[in-house]
Amino acid sequence: MSMQNRHAALFEPLQIGPVTAKNRFYQVPHCCGMGHRHPRAHAALREVKAEGGWAVVSTEETEIHPSGDLTPYNEQRLWDDRDLPALALMTEAVHRHGALAAIELAHNGHHVPNLYSRIAPLAASAISADGDYPRQARAATLADIAALRRWHRAAVRRAISAGFDIVYVYAGHHMSLAHQFLSTRFNQRSDAYGGSLENRLRLTRELLEDALDEAAGRCAVAFRFAVDDLLGADGMQAGEEGRAVVELLAELPDLWDVNLAGWENDSQTARFAPDEGYQEPYTAFVKRVTGKPVVGVGRYTSPDRMAALLRRGALDMIGAARPSIADPFLPEKIRSGRSDEIRECIGCNICVASDNLCAPIRCTQNPTIGEEWRRGWHPERIAAARSPARNPTRLLVVGAGPAGLECALQLGRRGYSVALAEAGRELGGRALRESRLKGLASWRRVLDYREQALLRTANVQIHRGNALTAEDLLGLDFEHAFIATGARWRRDGLGHSSRRPLPGLDRLAVLTPDDIMDGALPQLADGGAPLLIFDDEQGYIGGVLADHLADSLPRRGDGSAPIAFVSPANCVSPWTHFTLEQSRVQARLIEQGIALHLGQRLVAAGDGEVELACVYSDRRQRLACGALLLVTERCAASEPGGALGESLQAQLDAGANSALRSVQLIGDALAPGLIADAVHAGHLAARDFDRDPAQVEAELLRRELVSLAD
Ligand code: ADP
Ligand code: SF4
């Protein structure tokens, strides 16, 4: 197959200062939770992007000095020459595939409390450091600024010796001193670095000039700049100072990489920014101001949209972090006319969450990301089946949710003969069910990608409307069964805050998230007691359901939703801090007029009311309750198929007469988690199915050990 003509512009080379990008696909800097602590894993991840066709592959933020120390986060480090070998691993890996390697140099200023170095953080003006550690930063003196310029220059020099083709000056996400100096919120200086825009821009200009001087044509210098803070007049605005900055520096950098600040605005989720190209209204002006190449992001996954951006002159290169994580081979698939095989990012920010948790990256759509080095996984290649091609082992996957779909697809790719049995008429399990809730429509992509891929995999037969029992399975002619039958939400109140069933639930109308996803709506008396949502799980679904139901239930006279939201946490959906959504989630519930009862647990239910207890003082209160939606825990056993695995195993152990030799529970049926966990579990099961258990065990021990040579 060959590329569509209308996408040809995406494959034209582009000069960036002294270097040439082979096409228009640019993996902008993005965190991956590996950084300097996992250098081999990091290099392997970036290599796969280069192999997948990205013309430029960037690092994450790279600390240039201990006074901007990102501990505990796993980012890159270029403090001195001893950091070079780890970074060179990446540049060599990226160069093997004809791509350019870029490095995002950063001094985090007051964004970091310097937990490792314990140096007083530096800032434009004395200000509290970001984060939970109660520490303030000091105003940088002129000597500090001179030192910063020396560190940055040295970092450029070292980056070149490590083989980088593009070095960054970074003024984005409020995470660098350059950006902090630019902002009137953080910069109250009265010297040559404060006051007018020209003065606030002085540090950035100096860093750019230093970098260009140091580079001396040996590498390109990119400038990453957030044109808008989405804070209105309180921050940078694209139509005001954002534009003025681009005008003032227009031709200075070799490339403009433009976006929004802070990170929660740059990496918006599909829940709050459903459409790709959500940054375009802010960044589109940049190309009209500068003649230098411009790269921009916006969760682009549609090749037509990308080509149109180039045609319209909105961008010169298509920037991507998340779309390159969900599908490292996105450019190659477009190039080879396989655009319909792109695994589209769903905009869930599970990748972001892993970085925020200081863990190696994971992704809902791409289970191989972050596993390139540790497990040797490749997004496009998988080992062939061990059994003979003419007589492949017959495998059955039960349940076509995220785990079952991924497992069946990968087993099929390996060459096994696979049957996928699904009780329902539609595939997708919880991904499909959740996609019907407000803001989660893109969850469908989890099944769309896999369903389409399965239709191209002749050796996987899909059987819809097939609810299998243990007896059915024993009578079928399969040698191995993967049970991916998922889990259902509990109805008895068991969860984080109560390890015993809640008393009195029989006296109230009790619903679970599954009921709502099946289309049930709580029946509330007009003007009567509200629906009470008890979010004991504290993940994302409780907040999603509250917002969804607020739109579905008749409003009260004052316009508010007849919903009370109760959580033991001190904020709504605390997990969504990690996905950068929490403040938007809580704001949405407040806007919907939902009454929030935080720091409270449910202790009992009664006729038309519930009893709550403060999680700190145990002080009790009663709340009127028209219906109760319990978001507590999920349980495989409450699903008819959930007991399938156990029942099958018991019958096999008892010597049942069957072709079936083994049974493996995977995904939510084994242990409920995120959709990303279920996809990963399905993938892992397919990869490990016929492997030597000793090898599988050894792989678990694979890690990067600290050398004690120094
Ligand atoms: P996971 O997240 O682990 O993939 P899901 O709950 O999303 O789990 O999906 C489980 C799927 O299994 C659902 O589509 C459900 O209809 C299906 N299923 C459950 N029990 C059976 C069964 N006994 N036979 C066939 N399919 C089943
Ligand atoms: Fe996209 Fe979600 Fe994967 Fe991140 S985790 S790349 S947001 S699908």
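Just so you know, ligand 1 is whichever comes first in the structure, and atom 1 is the first atom listed for that ligand. As the structure is a computational prediction, the values presented were derived from the model and not from experiment.
- Within the cation-pi definition used here (under 6.0 Å to the ring centroid, within 45° of the axis), Arg343 qualifies as a partner of Tyr449.
- The side-chain contact (heavy atoms from CB on, under 4.5 Å) search around Pro39 returns Ala86, Leu89, Glu704, not counting sequence neighbours.
- A side chain to side chain donor-acceptor pair (under 3.5 Å) check over residues 361-370, counting only residues at least two apart or in different chains, returns the pairs Gln365-Arg450, Asn366-Thr368.
- Distances between N or O atoms of Pro402 and those of ligand 1 include at least one value under 3.5 Å.
- At least one N or O atom of Leu468 sits closer than 3.5 Å to an N or O atom of ligand 1.
- For ligand 1 and Gly667, the ligand atoms under 4.0 Å from any heavy atom of the residue are 3 (O).
- Near Gly486, with a cut-off below 4.0 Å to any heavy atom, the atoms of ligand 1 are 5 (P), 6 (O), 8 (O), 10 (C).
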- Message: Between Glu426 and Arg436, does the salt bridge (Lys or Arg N to Asp or Glu O under 4.0 Å) criterion hold? Intermediate values first, please.
- Response: CA-CA 13 Å; Glu426 289 181 276; Arg436 294 177 179 137; 2.9 Å; yes
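- The shortest N or O to N or O distance between Ala678 and ligand 1 is not under 3.5 Å.
- Listed by number with element, the atoms of ligand 1 under 4.0 Å from a non-hydrogen atom of Gly399 are 11 (C), 12 (O), 17 (C), 26 (N).
- Near Ala421, meaning under 4.0 Å from any of its heavy atoms, are these atoms of ligand 1: 25 (C), 26 (N).
- For ligand 1, the atoms sitting less than 4.0 Å from at least one non-hydrogen atom of Arg430 are 2 (O), 5 (P), 7 (O), numbered in the order shown with element in parentheses.
- Residues Tyr26 and Ala102 share a closest heavy-atom pair of OH-CB, 4.4 Å.
- The aromatic rings of Trp377 and His680 lie tilted to each other, with the angle between the two planes from 30° to 60°.
- Close approach of ligand 1 to Gly429 (heavy-atom distance below 4.0 Å) involves ligand atoms 7 (O), 9 (O), 13 (C), 14 (O).
- Here Asn466 has backbone heavy atoms under 4.0 Å from ligand 1, and that is the only part of it that gets that close.
- In summary, the atoms of ligand 1 found under 4.0 Å from a heavy atom of Val398, numbered by their order in the structure, are 22 (C), 24 (N), 25 (C).
- Using a 4.0 Å cut-off between heavy atoms, Ala681 makes no contact with ligand 1 at all.
- Atom 4 (Fe) of ligand 2 has Cys351 SG as its protein N, O or S neighbours under 2.8 Å.
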- Begin from the C-alpha positions of Asp514 and Arg634 and carry the test salt bridge (Lys or Arg N to Asp or Glu O under 4.0 Å) through to its verdict. CA-CA 10 Å; Asp514 289 310; Arg634 285 180 293 149; over 6 Å; no
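- With sequence neighbours left out, Ser662 forms a side-chain contact (heavy atoms from CB on, under 4.5 Å) with His480.
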- Message: Let's go through Arg40 and Glu47 carefully: what are the C-alpha distance in whole Å and the side-chain angles of both, what is the deciding distance for salt bridge (Lys or Arg N to Asp or Glu O under 4.0 Å) to 0.1 Å, and is it a yes or a no?
- Response: CA-CA 10 Å; Arg40 291 186 185 86; Glu47 176 163 15; over 6 Å; no
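- Nearest heavy atoms, Glu422 versus Ala400: OE1-N, 2.8 Å.
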- Query: So Asp477 and Arg394, side-chain contact (heavy atoms from CB on, under 4.5 Å) or not? Walk me through it.
  - Reply: CA-CA 8 Å; Asp477 187 24; Arg394 296 171 313 284; 3.2 Å; yes
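- When only interatomic distances are considered, the shortest N/O to N/O separation between Ala403 and ligand 1 falls below 3.5 Å.
- Nearest to atom 9 (O) of ligand 1 by heavy-atom distance, out of Gly401, Gly645, Ala669, is Gly401.
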- Message: Please determine whether salt bridge (Lys or Arg N to Asp or Glu O under 4.0 Å) holds for the pair Glu104 and Arg224, giving the CA-CA distance in whole Å, both sets of side-chain angles, and the decisive distance to 0.1 Å.
- Response: CA-CA 9 Å; Glu104 186 181 50; Arg224 195 175 207 194; 2.8 Å; yes
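- Remark: Arg691 engages Asp688 in a salt bridge, criterion side-chain N to carboxylate O under 4.0 Å.
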